[in-house]
Amino acid sequence: MSASLLSTDVLIIGGGLAGERCAIEAAAAGHDVLILSIVPPRRSHSCAAQGGMQASLGNCVMGAGDNTALHFLDTVRGSDWGADQEVAQMFVEDAPIAVRELAHFGVPWTRVRGGRNRYFIKGKRVELDELPENDGLLMHRDFGGTAKWRTCYAAAGTGHAALYAVDGEVVRLGITVKDRTEAVALIHDGGRCWGAVVRCLRTGKYFSVVAKATVIATGGYGRIYGQYTTNATINEGTGAAIALATGVVPLGNMEAVQFHPTALSPSGILITEGCRGDGAYLLDKNLHRFMVDLEPEKQELASRDVVSRHMVQCMRDGNGVETPFGPHLWLDLRHLGEEHLRTKLREVVEICRDFVGLEPTRDLIPVHPTQHYSMGGIRVNKDGQAYGMAGLFAAGEASCWDMHGFNRLGGNSLAETIVAGRIVGQSVAKHAAAASLDVSTSHVFATQRLAAERAREWFSRSGSGPSVYAIRDAMAETMLEKVGIFRNGDDLEQAVAELTRLLGDCDKAVLRSKAPGMNPELTFALRLKGMLRLATVTAMGALARSESRGAHWRTDYPLRDDANWLNRTLVRWADDASEPEFSYEPVGLIDLPPGHRGYGSDERIGMETPIEEYNRGVADAQAANGRLETSEPVGSRVSWGDWKAHQ
Amino acid sequence: MTSHDSATRRLRFEIFRFNPEDPDSVPHMQCFELDEAPYMSLYIALNEIREQQDPSLQFDFACRSAFCGSCGMLVNGRPALGCRTLTSDLPDLIRLHPLPVFKLIGDLSVDTGSWFREMVEKTEAWVHAGKAFDANAQEERMSDDLAQAIYESDRCIECGCCVAACGVANVNPEFSGPAGLNRIARFMMDPRDSRDDADWFEVVSTQDGVFGCLGMMACHDVCPKELPLLEVYAYLRRKALTTGLLPARRQVSKSE
């Protein structure tokens, strides 16, 4: 990397599906776009998404009668009413267009086969006739927490197929991608973002990119749970961390962490929900289908937070299979048959064969719940613009947009990447068209010097301080043990104390290698403080929230509390501040009133404020929390009461 | 199970080391020893070596589940994905080298990203739709059998194992390589792509295309996704013959 200062109209940080789809939108509008990616874009974690994308096309018999209102109902109920319902409506309306656009880009979606088909539904083999007139349209599979079969898929490699198609468009449009680069600081003046300082992961050298609009699309931060995650090694929250470091941009709902029910034991590799969608069973050590007793209606296909809790409880009750790596349960795919497994779930067959030497047509698969998805992230308004920082946007898992609230439905995140890429991409393009690039170069270089100084500071340390990897492992154990699926006040207090201590240790840690170049140990060390800060605000947010909602489950406050906690946690933490600052805003306008999700517990503390009054305060309260003006007023996209005919 | 279990193997690793960013670095092999653990993959082993023995060791892993294609390397001389290679399938001595053909970044890390971006540009590996996307229209139909056939080729994860194993790609940098040829076939069979056989003929029917292949088929043997590359080349050759040679022969016989 020879030039130390580059300029572009639009800077996209992150080359996964959300970032690349956003880039396409901005480039199509005529802007110069530059993508930064820690890995070559096709190696982004989007590629590992297996199951599919929810879009209410209703093409197959079990999806017949589906529509956006039903998708909206499922999404809000899945979120345990934590979602912004206007954003959820924007999402469900665009999702059908987004998946069809992917077909246009070349995704080989699995298609409807007209005539007799065999399925497994709630433990029974059924034969159903798909309409001949729907032959060749996009097929759907069942997923957790949905009223209809709605998830469009390409075998069990949907993320891979989508990412390659979208990246093909990026190349077609001639968009510049700088792979093996990491944005390490945002260039900003406290209210306006001008791009980012970047570290090259080939050479270790620093450079800066100035831009009229900057988009963070760096995905989730599951690696704050160390190895106890399905996430890739690159999901270390680099984007969320540099946004948090501004002290101006808040992160939303960091305590909302999803655990996926079926990670392969012991490696933690994801086994798609598509397995259960296609009829697989969860069995305890006695080969009993315990989910049928616990959730008679949805069985294995309740939402992920509910299924994961039942699984952990089942293992705590002594019904797990004990191993030296901890207990697990079984996923049973055997009855689905070889033909189905080798076509629609072939990636699952490969994973089981490659990593544990098992053959799902014959063997039971050992699974346990593991950290999977970050509902929280950079808080943005409905245009995707970050709170408090003009010119900064976020999309996909890195953002808190916020259509997932406290629990995301399977099939809604991959769909979000494309829908948000389209919608946020348009607002980015509009912003870039109106903005000018009058940034002081001395300010840019000062930010760059400060970032480079951090690397020098690490190299200057000597002595026998702790290793960065030991600190990471301690963080992971704390997060798993004390900020996991079942939480309580005592554990969370200990977690906050422990993480605070680790943050102190981070300042004393010493590198074992001073190798020049990218230096993998230094590369990780530079991320470690940001990861610890993300972990700390996750634990503090969880400690403060004295209720149970979606994936945030407090054994000492087991009820959802709509009287006091129908809100979104926001947290700001400037780089030089000793402690984070928390505030709360309304979840957004409420169209569907809080109620029972249709699975899990039906007990809750009801709302005391009338909905009309709650809704009247939303726009002002969010503006007071930093929400920037949206292109259309808050509420303009709500189709009030559309869901009523479908409840 | 403890590390002193009598059944535990002591593994010996010989790993290629070279850091081009370090003027003092010279290419050499470095030895490490490690106790084997159950289900130990090269992902687990290499991270353990880096974190406990030599933190300067460079290698690439991302998804660690054989989806992202980051971790191609030579394992005892054979290209493979590190994440899905279990030490239990290997002898006590494990020799690791970076993949050839690709530019070295450091130690086991190579620049596959630039190679594949160039391949995608050269073969224009995207659907040439021929018309704009209509947001209001129902999706175009496709039979599920055809979708499955396209998906079969689309599964390539661009790890570079086939390219590294290919005798031709090792000596001819212009050769499309197995992954490139597979990509061409994938778009050739896609009815949404408007390029016709004559357009493809220019790309495929040269010594840098399918006729550069000498048929040694190491690519087919090492592909971690088990892509049917043998059938892919047969398909491409058949297409090239029917669009290129057969019409030409008909012309020759006509002029006679």
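In the text below, chain A, chain B and the rest are named by the order of the sequence lines, each starting its count at 1.
The most heavy-atom pairs under 4.5 Å with chain B, out of Asn134(A), Thr523(A), Leu163(A), Val107(A), come from Val107(A). The candidate with the highest count of non-hydrogen atom pairs below 4.5 Å against chain B, out of Ala161(A), Ser44(A), Cys47(A), is Cys47(A).
In this structure, Trp109(A) and Met142(B) have side chains that are not in contact, with every pair of non-hydrogen atoms separated by 4.5 Å or more. Looking at heavy atoms from C-beta onward, Val120(B) lies in side-chain contact with Arg42(A) at the 4.5 angstrom threshold. Side-chain contact check for Arg512(A) versus Asp54(B): every heavy-atom pair is 4.5 Å or farther apart. Side-chain atoms of Tyr469(A) and Arg50(B), non-hydrogen and from C-beta on, do get closer than 4.5 Å to each other. Within the 4.5 Å cutoff, side-chain heavy atoms of Cys83(B) are placed close to those of Phe355(A).
Between the side chains of Arg202(A) and Ser109(B), no donor-acceptor pair of N or O atoms lies under 3.5 Å. Side-chain contact check for Glu139(B) and Asn59(A): at least one donor-acceptor pair (N or O, by modelled atom type) lies under 3.5 Å.
With a 4.5 Å cut-off on non-hydrogen atoms, Val99(A) does not touch chain B at all.
Residues Asp144(B) and Arg113(A) approach most closely at OD2-NH1, 2.7 Å, considering heavy atoms. Scanning all heavy atoms of the two residues, the minimum distance from Arg117(B) to Ile175(A) falls at NH2-O, 2.8 Å. Heavy atoms only, all atoms of each residue included: Ser56(B) and Ser513(A) are closest at CB-OG, 3.4 Å. A pairwise comparison of heavy atoms in Met518(A) and Gln58(B) identifies CG-OE1, 3.5 Å as the closest pair. For the pair Thr233(A) and Tyr43(B), the tightest heavy-atom approach, listed with the atom from each and the gap, is CG2-OH, 3.6 Å. Among all heavy-atom pairs drawn from Ile351(A) and Phe67(B), the shortest one is CD1-CE1, 3.7 Å.
Formation of a donor-acceptor pair under 3.5 Å by the Arg43(A) side chain with backbone atoms of Ile157(B) is found in this model. Side chain of Arg172(A) to backbone of Glu121(B): no donor-acceptor contact under 3.5 angstrom is found. Although no hydrogens or angles enter the test, the distance criterion places a donor-acceptor pair under 3.5 Å between the side chain of Asn19(B) and the main chain of Pro516(A). Checked by atom type and distance alone, the side chain of Arg192(B) pairs as donor or acceptor with a backbone atom of Gly106(A) at under 3.5 Å. Under a 3.5 Å cut-off, the side chain of Arg64(B) and the backbone N or O of Thr230(A) do form a donor-acceptor pair.
In this structure, Glu350(A) pairs ionically with Arg155(B), as a charged nitrogen and a carboxylate oxygen lie closer than 4.0 Å. Between Glu140(B) and Arg111(A) there is no salt bridge, since none of the side-chain N atoms of the basic residue sits less than 4.0 Å from a carboxylate O of the acidic one. Ion pair Glu347(A)/Lys225(B) not flagged as a salt bridge, since none of the NZ, NE, NH1 or NH2 atoms sits closer than 4.0 Å to an Asp/Glu carboxylate oxygen.
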Worked verdict on Glu226(B) versus Arg353(A) for salt bridge (Lys or Arg N to Asp or Glu O under 4.0 Å) | CA-CA 13 Å; Glu226(B) 295 173 3; Arg353(A) 183 195 61 198; 3.7 Å; yes

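Listed by chain and number, the residues in a side chain to side chain donor-acceptor pair (under 3.5 Å) with Glu101(A) are Arg21(A), Arg422(A) (sequence neighbours excluded).
Annotation: the span from Arg141(B) atom CZ to Leu137(A) atom CG amounts to 4.0 Å, rounded to 0.5 Å.
For residues 177-189 of chain B, the set of pairs meeting the side chain to side chain donor-acceptor pair (under 3.5 Å) definition, not counting sequence neighbours, comprises Ser153(B)-Asn182(B), Asp154(B)-Arg186(B), Glu158(B)-Arg183(B), Arg186(B)-Asp190(B).
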